[in-house]
Amino acid sequence: MAQQIAQTAIAFEQQRLGRRPTSVTVVLGGDTVVITMHGVLSPAEKALAASPASAAQLQEFYQSLFQLSSEPLKQEIKRITGLEICDDAKNTATTAVQVFAVGTVVQVFLLTGRLPAETWDGN
């Protein structure tokens with residue numbers, strides 16, 4: 001399951017940004033899926049992220065991009081896990097994105113339930 005979600009995230013980034021992450025790690029913690037993608041930022045974005053003010057703009061850009069284009073990824077996570085992604089308009093913490101200057105992007109999804117431990121393979 002982890003590998004399926006990782007492959008989905010790679011394809012999503014390729015389609016959305018035209019480039020693939022260098023590596024992807026997927027972790028399930030209770031009712032949360034965390035996708036960590038390394039090597040996502042372009043060289044220009046990395047240079048931009050060196051300045052705190054520009055890094056904040058880059059974070060805002062990626063958060064907006066994620067909010068506007070993540071529905072296909074959410075649908076695939078639902079298909080793979082069998083669980084919906086929480087969609088609470090009042091609680092923006094049900095999904096989140098964090099961008100790091102080193103080129104890593106972390107996406108967090110809150111599920112509507114917990115997967116049984118025997119169905120999850122984090123390798």
Beyond-backbone contact of Ile35 with Val108, side-chain heavy atoms, under 4.5 angstrom: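 When only atoms from C-beta onward are counted, Val108 and Ile35 do not touch, as no gap falls below 4.5 Å.
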
Heavy-atom side-chain proximity of Leu17 to Val40 below 4.5 angstrom: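 Heavy-atom side-chain distance check passes, below 4.5 Å.
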
Under the salt bridge (charged side-chain N to carboxylate O under 4.0 Å, His left out) rule, what pairs show up with a residue in [range], not counting sequence neighbours?
range	answer
residues 106-116	none
residues 25-36	none
residues 50-61	none

Contacts of type side-chain hydrogen bond (donor to acceptor under 3.5 Å, both in side chains), residue Gln4, not counting sequence neighbours: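 If we apply the side-chain hydrogen bond (donor to acceptor under 3.5 Å, both in side chains) test to Gln4, skipping adjacent residues, there are no hits.
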
Partner residues of Ala101 under the side-chain contact (heavy atoms from CB on, under 4.5 Å) criterion, sequence neighbours left out: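 Testing Ala101 for side-chain contact (heavy atoms from CB on, under 4.5 Å), a comparison that skips the adjacent residues, returns Ala49.
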
Distance from [X] atom [atom1] to [Y] atom [atom2], nearest 0.5 Å?
X	Y	atom1	atom2	value
Ile77	Met1	CD1	CE	11.5 Å
Leu111	Thr32	CG	OG1	7.0 Å
Ser69	Lys74	OG	NZ	10.0 Å
Gln107	Ser70	CD	OG	8.0 Å
Gln57	Leu48	CD	CG	7.0 Å
Leu28	Thr81	CG	OG1	9.0 Å

Residue list, salt bridge (charged side-chain N to carboxylate O under 4.0 Å, His left out) with Glu84, at least two apart or on another chain: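 Counting only residues at least two positions away or on another chain, Glu84 forms a salt bridge (charged side-chain N to carboxylate O under 4.0 Å, His left out) with Lys78.
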
Val106/Phe100 under side-chain contact (heavy atoms from CB on, under 4.5 Å): CA gap, chis, key distance, verdict: CA-CA 8 Å; Val106 178; Phe100 297 93; 3.8 Å; yes

Cluster check Leu68, Leu73: I/L/V/M/F/W/Y, side chain < 4.5 angstrom: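 Not linked; separate clusters.
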
For Phe66, ring pair (Phe, Tyr, Trp, His ring centres under 6.0 Å) partners two or more places apart: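 Testing Phe66 for ring pair (Phe, Tyr, Trp, His ring centres under 6.0 Å), a comparison that skips the adjacent residues, returns Phe109.
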
Check: Gln63 side chain, Val97 main-chain N or O, donor-acceptor pair, under 3.5 Å: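 Such a contact is found between Gln63 side chain and Val97 backbone.
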
Where at least one partner belongs to residues 35-48, residue pairs that pass side-chain hydrogen bond (donor to acceptor under 3.5 Å, both in side chains), sequence neighbours excluded: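 Residue pairs with at least one partner in residues 35-48: Arg19-Glu45, His38-Thr104, Ser42-Glu45, Glu45-Tyr62.
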
Pairwise side-chain hydrogen bond (donor to acceptor under 3.5 Å, both in side chains) hits with a residue in residues 5-18, at least two apart: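 Passing the test, one end in residues 5-18: Glu13-Arg16.
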
Test log, rule side-chain contact (heavy atoms from CB on, under 4.5 Å), inputs Leu58 and Leu41: CA-CA 10 Å; Leu58 189 62; Leu41 298 184; 4.1 Å; yes

Residues Val26, Val34; criterion side-chain contact (heavy atoms from CB on, under 4.5 Å); working and verdict: CA-CA 6 Å; Val26 177; Val34 180; over 6 Å; no

